[in-house]
Amino acid sequence: MARLVFGMNQSLDGYVDHEAFGPSPRLFRHFIDEAQAQTGSIYGRKLYEIMRYWDEDRPEWGPDEQAFALAWRRQPKWVVSRTLRSVGPNATLLGGDPGEAVRRLKAAHEGEIEVAGPALAASLGALGLIDEYRIYLHPVVLGGGTPYFAGPRPPLRLLAHERIDEDVLRLRYVPA
């Protein structure tokens, strides 16, 4: 059975914003390694549309960007959306009850499946489907925006912590 993991960069005050701060080269390499090892990813509409950036090569990309794009394109992607009618390459639109669809995905696969997007993670977490939360804590204060926890924070237990980069800690939590 697959494990669902929700992980994102987070500011000290609890917000996620890919435009306000991003990964250093070392942290980006960490994300490449994770993407290469993942069984697949489940996206909400908003984050899926942002991530479609990786579908087409760009001339300004270096080796790391190319490696991430290759890993992202390789893995299956499942998209939870009420508004999208189609999705891109190697992606499947999940229809019907998202909770039931995700339960079937977990049962049908092994390894880690990334959950991408705070709103999606909140709904799947409320159903008890998230197996691990990974917070990549950056020394940035945003003062507002999209919170990492888009709903009530579930009771969590610290599983592990490690310094990924000079200024970034990865905190791993499991539901308590």
Side-chain angles (χ1 to χ4, degrees), residues 1-10 15-125 129-136 138 145-146 148 150 162 164-165 168 170 172:
M1 178 174 280
R3 297 179 66 250
L4 291 188
V5 176
F6 172 53
M8 291 190 81
N9 292 313
Q10 178 185 294
Y15 297 102
V16 298
D17 186 337
H18 73 281
E19 292 180 8
F21 63 96
S24 66
R26 185 172 175 188
L27 182 57
F28 189 64
R29 185 71 235 173
H30 170 82
F31 290 144
I32 293 167
D33 294 342
E34 284 208 337
Q36 289 170 338
Q38 290 167 340
T39 298
S41 296
I42 303 171
Y43 286 92
R45 181 195 54 80
K46 281 187 198 176
L47 197 51
Y48 175 70
E49 289 178 336
I50 290 169
M51 293 299 289
R52 293 284 319 264
Y53 168 83
W54 298 103
D55 275 341
E56 294 185 25
D57 290 331
R58 310 247 191 263
E60 68 273 14
W61 284 355
D64 282 348
E65 289 85 3
Q66 292 170 356
F68 183 84
L70 183 64
W72 191 79
R73 292 172 192 162
R74 173 201 57 80
Q75 65 175 240
K77 291 163 280 297
W78 300 280
V79 183
V80 176
S81 172
R82 289 183 216 92
T83 58
L84 289 177
R85 297 293 165 241
S86 65
V87 290
N90 208 15
T92 303
L93 195 55
L94 294 179
D97 175 21
E100 188 52 41
V102 170
R103 282 184 192 90
R104 284 194 305 272
L105 285 175
K106 282 184 78 163
H109 293 85
E110 296 293 327
E112 284 188 2
I113 296 176
E114 171 194 33
V115 173
L120 177 61
S123 65
L124 296 179
L129 295 173
I130 305 279
D131 297 295
E132 185 175 323
Y133 295 84
R134 292 180 185 160
I135 297 172
Y136 292 86
H138 291 252
T146 302
Y148 178 93
E162 68 180 297
I164 298 292
D165 200 355
V168 177
R170 178 174 72 170
R172 295 176 56 206

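Note: hydrogens, waters and symmetry copies are ignored here, and every other heavy atom, side chains too, is used.
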Notebook entry, point to check: Among all residues two or more places apart in sequence or in another chain, which pass the side chain to side chain donor-acceptor pair (under 3.5 Å) test with Y133?
Noted result: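 Partners of Y133 under the side chain to side chain donor-acceptor pair (under 3.5 Å) test: none.
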Notebook entry, point to check: With sequence neighbours excluded, what pairs up with S81 under the side chain to side chain donor-acceptor pair (under 3.5 Å) test?
Noted result: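 Counting only residues at least two positions away or on another chain, S81 forms a side chain to side chain donor-acceptor pair (under 3.5 Å) with T83.
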What's the spacing between [X] [atom1] and [Y] [atom2] if we round to 0.5 Å?
{"X": "M1", "Y": "R103", "atom1": "CE", "atom2": "CZ", "value": "10.5 Å"}
{"X": "L124", "Y": "D131", "atom1": "CG", "atom2": "CG", "value": "10.5 Å"}
{"X": "E162", "Y": "R170", "atom1": "CD", "atom2": "CZ", "value": "4.0 Å"}
{"X": "D97", "Y": "R104", "atom1": "CG", "atom2": "CZ", "value": "8.0 Å"}

Under the side-chain contact (heavy atoms from CB on, under 4.5 Å) rule, collect the residues that match up with [X], sequence neighbours excluded.
{"X": "A119", "answer": "none"}
{"X": "T146", "answer": "V16, P118"}
{"X": "E110", "answer": "none"}

Solution key, residues 44-52 side-chain donor-acceptor pairs under 3.5 Å, sequence neighbours excluded:
{"unit_1": "R45", "atom_1": "NH1", "unit_2": "E49", "atom_2": "OE1", "d": "2.8"}
{"unit_1": "Y48", "atom_1": "OH", "unit_2": "G88", "atom_2": "N", "d": "2.7"}
{"unit_1": "R52", "atom_1": "NE", "unit_2": "D55", "atom_2": "OD2", "d": "2.4"}
{"unit_1": "R52", "atom_1": "NH2", "unit_2": "D55", "atom_2": "OD2", "d": "3.1"}

Checklist line | H18: ring pair (Phe, Tyr, Trp, His ring centres under 6.0 Å) partners, not counting sequence neighbours | finding: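 If we apply the ring pair (Phe, Tyr, Trp, His ring centres under 6.0 Å) test to H18, skipping adjacent residues, there are no hits.
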Next item on the list: Tell me, please, which residues at least two apart from Y136 pass ring pair (Phe, Tyr, Trp, His ring centres under 6.0 Å).
Entry: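 In terms of ring pair (Phe, Tyr, Trp, His ring centres under 6.0 Å), with neighbours along the sequence ignored, Y136 is linked to H30, F31.
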Nearest heavy atoms of [X] and [Y], plus distance in Å:
{"X": "I113", "Y": "L105", "value": "CD1-O, 4.3 Å"}
{"X": "A35", "Y": "Q75", "value": "O-NE2, 3.1 Å"}
{"X": "T39", "Y": "G111", "value": "OG1-CA, 3.4 Å"}
{"X": "V115", "Y": "L4", "value": "CG2-CB, 4.0 Å"}

Could you pull out all donor-acceptor pairs under 3.5 Å where a side-chain atom in residues 59-69 meets a protein atom, sequence neighbours excluded?
{"unit_1": "W61", "atom_1": "NE1", "unit_2": "Y53", "atom_2": "OH", "d": "2.9"}
{"unit_1": "D64", "atom_1": "OD1", "unit_2": "R29", "atom_2": "NH1", "d": "3.3"}
{"unit_1": "E65", "atom_1": "OE1", "unit_2": "G62", "atom_2": "N", "d": "2.9"}

Next item on the list: Determine which pairs satisfy ring-ring contact (aromatic ring centres under 6.0 Å, His included) with at least one residue from residues 102-122, sequence neighbours left out, and list them in order.
Entry: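 ring-ring contact (aromatic ring centres under 6.0 Å, His included) check on residues 102-122 returns W78-H109.
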Check: For residues 80-94, which residue pairs qualify under salt bridge (Lys or Arg N to Asp or Glu O under 4.0 Å), counting only residues two or more places apart or in two chains?
Finding: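 Qualifying pairs, neighbours excluded: none.
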Checklist line | salt bridge (Lys or Arg N to Asp or Glu O under 4.0 Å) contacts touching residues 68-81 (sequence neighbours left out) | finding: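 Matches after skipping sequence neighbours: D57-R73.
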Margin query: Consider side-chain contact (heavy atoms from CB on, under 4.5 Å). Of R134, E34, Q38, which one does V5 pass it with?
Written below: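 When R134, E34, Q38 are each tested with V5, the side-chain contact (heavy atoms from CB on, under 4.5 Å) holds only for R134.
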Checklist line | Donor-acceptor contact below 3.5 Å, side chain E112 vs main chain A37 | finding: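 Looks like no, no N/O pair under 3.5 Å.
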Notebook entry, point to check: Ignoring hydrogens and geometry, is there a side-chain-to-backbone donor-acceptor pair from R26 to I164 under 3.5 Å?
Noted result: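 It does hold such a pair.
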Next item on the list: Decide if atom CD of E56 counts as having more than 12 heavy atoms of other residues, nucleotides or ligands within a radius under 6.0 Å.
Entry: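 Counting other residues, nucleotides and ligands, CD of E56 stays at 12 neighbours or fewer.
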Check: Would you call the rings of W72 and Y43 parallel, tilted or perpendicular if under 30° counts as parallel and over 60° as perpendicular?
Finding: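 Aromatic pair W72/Y43 classed perpendicular.
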Next item on the list: Show your reasoning for whether side-chain contact (heavy atoms from CB on, under 4.5 Å) applies to N9 and L27.
Entry: CA-CA 10 Å; N9 292 313; L27 182 57; 3.6 Å; yes
